[in-house]
Number of protein chains: 2
Amino acid sequence: MNVMNDSPRRKELTRQAAQLFVQEGFDRTTVRMLAQEMGIKSGSLFHHFRDKQEILAAVIEEGTENALAIARQALDQCDSDPEARLHAMARAHLETLLTDRNAHVVALYEWRRLAPEARDHLGHLRDAYEALWEEVLDEALAAGLIRGDRFLVSRFVMGALNWTVRWYDPHGERSPEDLARELIAMITHPAH
Amino acid sequence: MNVMNDSPRRKELTRQAAQLFVQEGFDRTTVRMLAQEMGIKSGSLFHHFRDKQEILAAVIEEGTENALAIARQALDQCDSDPEARLHAMARAHLETLLTDRNAHVVALYEWRRLAPEARDHLGHLRDAYEALWEEVLDEALAAGLIRGDRFLVSRFVMGALNWTVRWYDPHGERSPEDLARELIAMITHPAH
DNA sequence: CGTTTACACTAGCGCTTGCTTGGTTGACCC
DNA sequence: GGGTCAACCAAGCAAGCGCTAGTGTAAACG
């Protein structure tokens with residue numbers, strides 16, 4: 001067995017699994033369906049993954065790592081004023097939703113199907129991502145750009161953003177940029 | 001078989017099923033688990049419901065109907081100015097989340113597990129509920145209380161509200177009233 | 001050359017799943 | 001006191017599930 005490496009082959013299989021998990025849900029996706037999608041037999045699947053659980057963990061891990069990387073890059077490259085940073089984060093969030101949509105949908109819907117150990121590991125990744133948000137929101141609150149309770153504001157914003165996977169059409173007219181701008185406009189009270 | 005009535009017995013069984021669906025997820029909840037929770041044997045379950053699917057539909061139907069009823073009542077009883085109506089809707093939404101929490105969590109997470117016909121029927125119920133929101137948001141937009149694109153504002157607000165099932169603690173310090181006030185404060189730009 | 005390694009296959013075990021069948025019970029009705 | 005009816009039970013079927021064991025093979029390596 002070949003456990004826990006991250007060969008390119010495994011990356012590709014993970015990507016295909018994500019697609020199926022979104023279509024059918026984790027529990028309804030059988031190892032036989034996964035194998036067929038991958039063009040192999042069901043037994044061969046366990047050469048790449050210890051068990052079905054591990055496939056789920058791999059899908060979510062990749063999505064979250066990408067989100068984190070993109071968000072960090074966006075923060076590095078943008079201006080340092082609170083509004084620019086807020087905008088950069090929102091745009092980065094919506095852009096990962098576009099490029100890694102399957103993985104993020106799986107992360108949002110199937111989180112509870114993770115084994116406790118995997119949930120623990122991935123929870124830390126997710127916490128790191130949300131910490132970036134809280135930092136940026138704190139700056140916006142301090143600058144008077146947003147009003148309200150820090151905890152609630154952060155939850156409301158994350159909710160509005162994560163909910164987009166339900167209705168956002170990547171092939172539609174609106175770009176991530178558009179959505180980010182609209183969201184910021186809705187919640188900010190510009191100084192005057 | 002006893003199909004499709006709504007006896008009090010069936011109502012009670014539906015309530016218990018909702019609890020299990022939240023804990024385990026629909027697919028992982030077996031008819032044997034459901035039966036045990038209900039204090040009967042698995043075979044007896046099919047005296048009350050045609051199949052497992054129908055239990056899910058019953059859970060979601062009850063939750064959505066309650067949400068609709070509470071929202072309508074709230075709108076009837078509040079003042080007619082846009083901010084009061086906005087506040088009433090947000091509070092009503094969060095209050096159903098408190099009283100019918102299980103049903104709403106199931107509706108949000110397990111919607112896709114519904115059979116197409118059930119999804120169709122319940123989709124209309126859900127549309128009726130969201131229409132109430134759009135009406136109230138339109139008034140708020142017209143009054144200049146909120147700025148931005150109607151479609152996007154509505155999606156963002158629904159996202160922020162529905163996301164609350166992930167983190168809101170009914171036994172915590174914050175009341176639905178508090179949350180509603182905070183959310184309105186965050187997104188409104190009061191005339192001055 | 002022989003050995004190792006990565007990847008795939010065949011075959012099937014042991015178990016659980018949703019659901020069916022045929023029958024029993026006790027409350028109520030005229 | 002025979003008939004009705006909702007509610008429940010015992011037993012089990014057919015299908016599908018995750019996963020394993022053992023084997024084959026072709027490329028890579030020393």
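Residue numbers start from 1 in every chain, and the chains themselves are labelled A, B, ... in the order their sequence lines are given, proteins ahead of strands.
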Polar atoms only, N or O, under 3.5 Å: list the protein pairs with nucleotides 24-27 of chain C and their distances.
none

Look at the side chain of [X] and the backbone N and O of [Y], then say whether any donor-acceptor pair between them is shorter than 3.5 Å.
X      : Y      : value
B/R101 : B/V165 : yes
A/H189 : B/M186 : yes
A/R119 : A/L114 : yes

**Request:** Determine whether more than 12 heavy atoms belonging to other residues, nucleotides or ligands lie under 6.0 Å from atom CD of A/E130.
**Result:** yes

**Item:** B/Q36, CD atom: more than 12 neighbouring heavy atoms under 6.0 Å
**Value:** no

**Request:** Using only side-chain N and O atoms of A/H47, determine if any of them is under 4.0 Å from OP1 or OP2 of C/dA8.
**Result:** no

**Distance below 4.0 Å between B/S44 side-chain N/O and D/dA7 OP1 or OP2** = no

**Asked** Quick one: side chain to side chain contact (heavy atoms under 4.5 Å, CB included) partners of A/L161, sequence neighbours excluded?
**Response**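 For A/L161, the residues satisfying side chain to side chain contact (heavy atoms under 4.5 Å, CB included) (neighbours in sequence not counted) are A/H93, A/L94, A/W133, A/V157, A/L183.
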
**Item:** Spatial distance of atom CD (B/E65) from atom CG (B/L68) [nearest 0.5 Å]
**Value:** 8.0 Å

**Message:** To the closest 0.5 Å, what do you measure between NZ (B/K11) and CD (B/Q16)?
**Reply:**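 If we round to the nearest 0.5 Å, B/K11:NZ and B/Q16:CD are 14.5 Å apart.
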
**Asked** Closest to the B/K52 side chain: C/dG18, C/dA8, D/dC8?
**Response** C/dG18

**Item:** Closest to side chain of A/H48, choosing from C/dC19, C/dA8, D/dC19
**Value:** C/dA8

**Asked** Salt-bridged, B/E62 to B/R10, with N to O below 4.0 Å?
**Response** no

**Message:** Can you tell whether the side chains of A/R15 and A/E12 come within less than 4.0 Å, N to carboxylate O?
**Reply:** yes

**Item:** B/R72: side-chain hydrogen bond (donor to acceptor under 3.5 Å, both in side chains) partners, not counting sequence neighbours
**Value:** none

Would you mind reading off the distance between [X] atom [atom1] and [N] atom [atom2], rounded to a whole angstrom?
X     : N      : atom1 : atom2 : value
B/L45 : C/dC19 : CG    : P     : 10 Å
A/R9  : C/dT5  : CZ    : P     : 21 Å
B/D51 : C/dT17 : CG    : C1'   : 14 Å
A/F46 : D/dC17 : CZ    : P     : 12 Å

**Request:** Say whether A/S154 and A/E134, considering side chains only, have a donor N or O and an acceptor N or O under 3.5 Å apart.
**Result:** yes

**Item:** Residues within residues 111-120 of chain B bordering DNA chain C, heavy-atom distance below 4.0 Å
**Value:** none

**Request:** Output the residues of residues 12-41 of chain A in contact with DNA chain C, where contact means a heavy atom of the residue under 4.0 Å from an atom of the strand; sort by number or write none.
**Result:**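 Under 4.0 Å from DNA chain C: A/R32, A/I40, A/K41.
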
**Message:** Taking the cut-offs as 6.0 angstrom to the six-membered ring centre and 45 degrees off its axis, would you call B/R112 and A/Y109 a cation-pi pair?
**Reply:** yes

Can you give me the N/O atom pairs linking the protein to nucleotides 21-25 of chain D at distances under 3.5 Å, or say none if there are none?
none

